[in-house]
Q: 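Supplied in structure tokens, the structure appears directly below.
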Amino acid sequence: MSSEQKPFVTDDTQVQTETRDARMAGADDRFNSKLREAFGSSPFILTKFDKFMNWVRGSSMFMLQFGIACCSIEMMHTYAIKHDLDRFAAGVPRASPRQADVIIVPGTIVSKFAPRMKRVYDQMPEPKFVVGMGSCTISGGPFQEGYNVIKGAEEVIPVDIHIPGCPPRPEALIYGIAKLQERIANGESSPVTVKPYELEQFGDLERDEIVDKLAAQIDEDDLVMRYNWADSP
Amino acid sequence: MSLEEQQPDDDPAELEAAVSRGDELAELLGDLVIGREEHMNAPGLVVRPDEVQEALFKLRDEAGFDHLSCLTAQEYEDRYESIYHLTSFDDRTDEVSVVVPTSKDNPVSQSAEPVYRTADWHEREAYDLVGIQYEGHPDLRRILLPETWQGHPLGLDYDQERPQIATLREHANPLEKDQRAEQGNTMYVNIGPHHPATHGVLHVETVVDGEQVVDLNPDIGYLHRCEEQMCQQGTYRHQIMPYPDRWDYISAGLLNEWAYARAAEDLADIDVPEYAQIIRTLGAELCRIASHMIALGTFALDVYGDFTAIFMYAMRDREIVQNILEDLTGQRMMFNYFRLGGVVWDLPEPREEFFEKIRDFLDGLPEALEEYHDMITSNEILQARTVGTGVLPPEVAKSYGATGPVARGSGIDYDLRRDDSYGYYDELDWDVVVEDGCDNFSRLLVRMREVEESAKIIQQCVDLLEDWPEDERNIQSNVPRTLKPDEDTEIYRAVEGAKGELGIYIRADGTDKPARFKIRSPCFSNLQTLPEMSEGEYIPDMIASLGSLDIVLGEVDR
């Protein structure tokens with residue numbers, strides 16, 4: 001941030017103006033921001049490029065417009081007036097996964113939907129981040145014992161931030177996103193978790209009773225997701 | 001005084017009437033009836049599985065049962081059973097259950113689809129979850145679970161631990177194979193399951209020829225979270241009530257809770273104090289406003305296509321309602337506020353402040369609605385998009401079992417709050433809103449006018465509650481700690497949810513948990529009308545029709 005080492009710095013004394021004075025002294029609130037202070041008299045800052053990129057990434061997040069269940073209603077409230085997620089540089093929902101950086105998973109994931117969600121996640125460009133919203137994305141939530149319910153989003157895709165609640169309030173979602181921005185700005189990446197449920201070709205599955213049974217219905221190269229419910233947490 | 005006394009099962013005179021109605025219908029059907037049952041809400045007529053259509057045709061054409069409200073399928077130790085809950089759009093209290101038992105080793109029953117179009121999906125669901133086969137059904141496939149699923153999860157011997165496989169395959173164009181090249185080119189379009197206009201995880205398999213829809217098939221089940229199983233695993237008293245909030249999750253929580261409360265209270269013969277009924281009515285109507293606001297906002301979003309004024313305005317008004325509901329229940333969305341026999345706690349203190357808050361909201365509402373009318377209903381673009389599109393004639397709507405604003409937008413004067421009154425509605429002064437345009441615009445208008453009616457109801461409830469004597473504020477009647485309704489009592493009760501007739505069927509087996517818990521979701525039936533409204537129309541009109549149906553996938557899939 002300091003300008004002393006640099007050769008081409010405008011000579012401060014030459015450009016003293018009233019506005020400058022006010023700005024430095026903080027007489028006028030408009031100019032009294034931290035960024036201004038950091039800039040000081042100089043228009044230059046020095047930082048590492050990757051650090052800068054991380055900061056940019058965290059400060060301009062495009063969310064995927066992705067609604068699943070109850071939590072998506074609170075998610076809509078978070079985007080809309082009063083809570084207005086846009087204030088935190090994360091409020092532009094994109095309808096296409098190819099334009100999005102962050103996917104908020106707002107709801108229960110069931111067996112029919114998990115392969116589709118995995119596909120949507122795969123379509124997002126790197127680097128991408130996942131916010132698991134609500135109890136269902138943590139463990140299946142109130143539906144954990146259901147025969148059709150995936151026991152948490154992490155069974156299918158890696159999750160950066162978990163927000164508990166059923167559903168979490170908009171304030172909680174904003175807090176979770178702020179935490180995600182913090183992590184991104186610090187260059188932390190999500191832990192890679194072992195995902196039990198992957199999309200794979202039917203022909204690659206280990207043959208057992210159920211695979212034999214379905215062999216007539218599914219082609220060898222069809223993509224499938226196999227749920228071993230007995231192993232679920 | 002209990003308001004529940006007006007129910008047929010409580011009043012001896014009415015019970016007698018119900019029995020004689022059963023005799024009358026049994027006489028009408030003659031030899032078709034092989035046995036009789038008594039359900040708490042209606043007489044039950046047992047019919048042979050290969051004579052279902054004949055019996056249903058007779059009941060529909062000669063006894064006026066034009067509404068197949070629900071189909072419940074269940075497995076007993078010794079048999080399968082399908083129950084057709086029939087009623088009439090003209091007289092909702094006239095009900096009959098047609099019970100069709102089938103044997104364990106050959107569970108085949110005749111399909112009711114030729115009689116009631118709505119049976120199509122209901123029977124597919126029964127096949128999917130319970131495993132009864134319907135002979136003569138046009139398209140008996142799984143509906144909620146993946147096509148490759150093994151077993152029927154609500155059957156008695158289902159093993160939940162067994163592995164399952166779901167596929168991610170391309171869907172095939174259903175028209176391509178019987179079309180020759182010169183007949184024009186159809187294109188297959190997947191709308192959903194991840195799509196901003198489908199209001200959740202609905203998948204619409206669409207075949208278009210140019211801009212026109214030639215074939216359309218809603219594919220559901222992407223949010224099938226086993227609600228019925230969850231309720232069958234919970235005890236009556238406390239463990240079931242949190243789930244209704246999550247069926248229709250667009251803040252219609254209290255309306256849904258009421259559906260369960262009504263069925264269970266009638267089943268276990270529990271009274272609800274009058275004071276609690278007024279609080280319930282107040283809360284439920286607030287929920288209806290919140291729910292209609294989001295229907296309005298997202299409909300405008302679908303038709304205009306952006307997150308601008310109307311969506312934000314609707315959300316603003318919803319925030320106010322949610323704040324009031326939060327004061328009342330402690331939660332913004334998943335209220336869990338009703339208890340069997342009343343509500344969990346009294347109005348928040350200081351009461352004046354709470355009433356003031358509601359009054360402020362109601363005072364501002366006419367102006368807000370004026371604003372909506374300026375921006376939406378009197379807008380030429382919206383009129384061009386909605387007037388005369390998505391037409392649903394009343395006869396078709398009835399055949400598909402459409403209820404709620406969808407039916408009332410098609411000129412069907414049917415509202416359970418009036419026709420099968422519960423709570424405090426029959427003591428209050430309000431009107432059922434009916435529009436006979438049958439199009440997207442009418443459905444929108446019905447919702448907007450219903451908000452006004454709800455406001456009227458809330459106003460009267462506030463007045464009543466304000467003057468209620470302090471020592472008579474009884475919020476809950478005495479309810480046994482463990483509820484064990486008598487074995488083999490069956491009940492089907494419905495309330496007017498935000499989207500239409502929300503019905504619950506419960507069969508008790510003498511334990512503290514229901515043996516069968518079936519949810520009749522209004523959205524499930526309403527969504528079935530989508531192909532009827534869209535085939536042959538332009539594809540943007542299909543999106544508008546879908547928006548005007550106002551479905552919630554949590555309730556469609558359950």
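Please read all numbers here as calculations on a predicted model, not as lab measurements. Each chain gets a letter, A, B and so on, in the order its sequence line appears, and its residues count up from 1.
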Q: Counting heavy-atom pairs under 4.5 Å with chain A, which one of P153(B), G200(B), G554(B) comes out on top?
A: P153(B)
Q: Looking only at heavy atoms, which two atoms of E326(B) and R169(A) are closest? And how far apart?
A: OE2-NH1, 2.7 Å
Q: Heavy-atom cut-off 4.5 Å, strictly under: side chain, backbone, both or neither for L223(B) against chain A?
A: both
Q: Rounded to the nearest 0.5 Å, how far apart are CD1 of I165(B) and CD of E200(A)?
A: 8.5 Å
Q: Could you tell me which portion of Q160(B) (side chain, backbone, both or neither) has an atom closer than 4.5 angstrom to a non-hydrogen atom of chain A?
A: both
Q: With a 4.5 Å cut-off on side-chain heavy atoms, are P142(A) and R225(B) touching?
A: no
Q: Does N323(B) reach the side chain of K82(A), with side-chain heavy atoms less than 4.5 Å apart?
A: yes
Q: Under a 3.5 Å threshold, yes or no: a donor from one side chain and an acceptor from the other, between R119(A) and H194(B)?
A: no
Q: How would you list, by chain and number, every residue that makes a side-chain contact (heavy atoms from CB on, under 4.5 Å) with A153(A), sequence neighbours excluded?
A: V105(A), I109(A), T137(A), V159(A)
Q: What's the spacing between R316(B) CZ and H77(A) NE2 if we round to 0.5 Å?
A: 13.0 Å
Q: How long is the straight-line distance from CG of D557(B) back to CZ of F113(A), given to the nearest 0.5 Å?
A: 11.0 Å
Q: Answer with side chain, backbone, both or neither: which region of Y158(B) has an atom nearer than 4.5 Å to a non-hydrogen atom of chain A?
A: side chain
Q: Between E147(B) and chain A, which part of the residue has a heavy atom less than 4.5 Å away: side chain, backbone, both or neither?
A: backbone
Q: In Å, rounded to the nearest 0.5 Å, how long is the span from CH2 of W247(B) to SG of C70(A)?
A: 13.0 Å
Q: Counting a contact as any heavy-atom pair under 4.5 Å apart, which residues of residues 205-216 of chain A contact chain B?
A: L205(A), I210(A), V211(A), K213(A), L214(A)
Q: Pick one of side chain, backbone, both or neither for Q164(B), based on which atoms fall under 4.5 Å of a heavy atom in chain A.
A: both
Q: Any ion pair linking R332(B) and E171(A) (charged N to carboxylate O, less than 4.0 Å)?
A: no
Q: Please report the shortest heavy-atom distance between Y147(A) and C226(B), naming the atom on each side.
A: N-SG, 3.5 Å
Q: Where do L145(B) and K112(A) land on the side-chain contact (heavy atoms from CB on, under 4.5 Å) test, with the steps shown first?
A: CA-CA 7 Å; L145(B) 292 166; K112(A) 202 169 171 181; over 6 Å; no
Q: Looking at E145(A) and Q229(B), what are the two nearest heavy atoms and their distance?
A: O-NE2, 3.6 Å
Q: I220(B) versus chain A, heavy atoms under 4.5 Å apart: side chain, backbone, both or neither?
A: backbone
Q: With a 4.5 Å cut-off on heavy-atom pairs, point out which of P115(A), A69(A), A80(A) contacts chain B the most.
A: A69(A)
Q: List the steps, then state whether side-chain contact (heavy atoms from CB on, under 4.5 Å) holds for M315(B) with H83(A).
A: CA-CA 11 Å; M315(B) 289 310 239; H83(A) 298 100; over 6 Å; no
Q: Ignoring hydrogens, what is the shortest heavy-atom contact between P167(A) and M334(B)? Give both atom names and the distance.
A: CD-CG, 3.5 Å
Q: At what distance, to the nearest 0.5 angstrom, does CG of D231(A) lie from CD of E161(B)?
A: 9.0 Å
Q: Which one of V149(A), I218(A), N228(A), N148(A) has the most heavy-atom pairs closer than 4.5 Å to chain B?
A: N148(A)
Q: What part of E228(B) gets closer than 4.5 Å to chain A, counting heavy atoms only: side chain, backbone, both or neither?
A: neither
Q: Should the heavy atoms of other residues, nucleotides or ligands under 6.0 Å from OH of Y175(A) be counted, would the total exceed 12?
A: no
Q: Please report the closest heavy-atom contact between Q331(B) and C166(A), naming both atoms and the distance.
A: NE2-O, 4.0 Å
Q: Give a yes or no on whether the ring-centroid distance for F143(A) and H224(B) is below 6.0 angstrom.
A: no
Q: With side chains defined as the heavy atoms from C-beta onward, is the minimum distance between H203(B) and R116(A) less than 4.5 Å?
A: no
Q: Out of D245(B), L168(B), T167(B), which one racks up the most heavy-atom pairs below 4.5 Å with chain A?
A: L168(B)
Q: Please classify the contact of L199(A) with chain B as side chain, backbone, both or neither, using a heavy-atom distance under 4.5 Å.
A: side chain
Q: If you define the side chain from C-beta out and look only at heavy atoms, does anything of M76(A) sit under 4.5 Å from I294(B)?
A: yes
Q: Which heavy-atom pair separates P163(B) from W229(A) by the least distance, and what is that distance?
A: CA-CD1, 4.4 Å
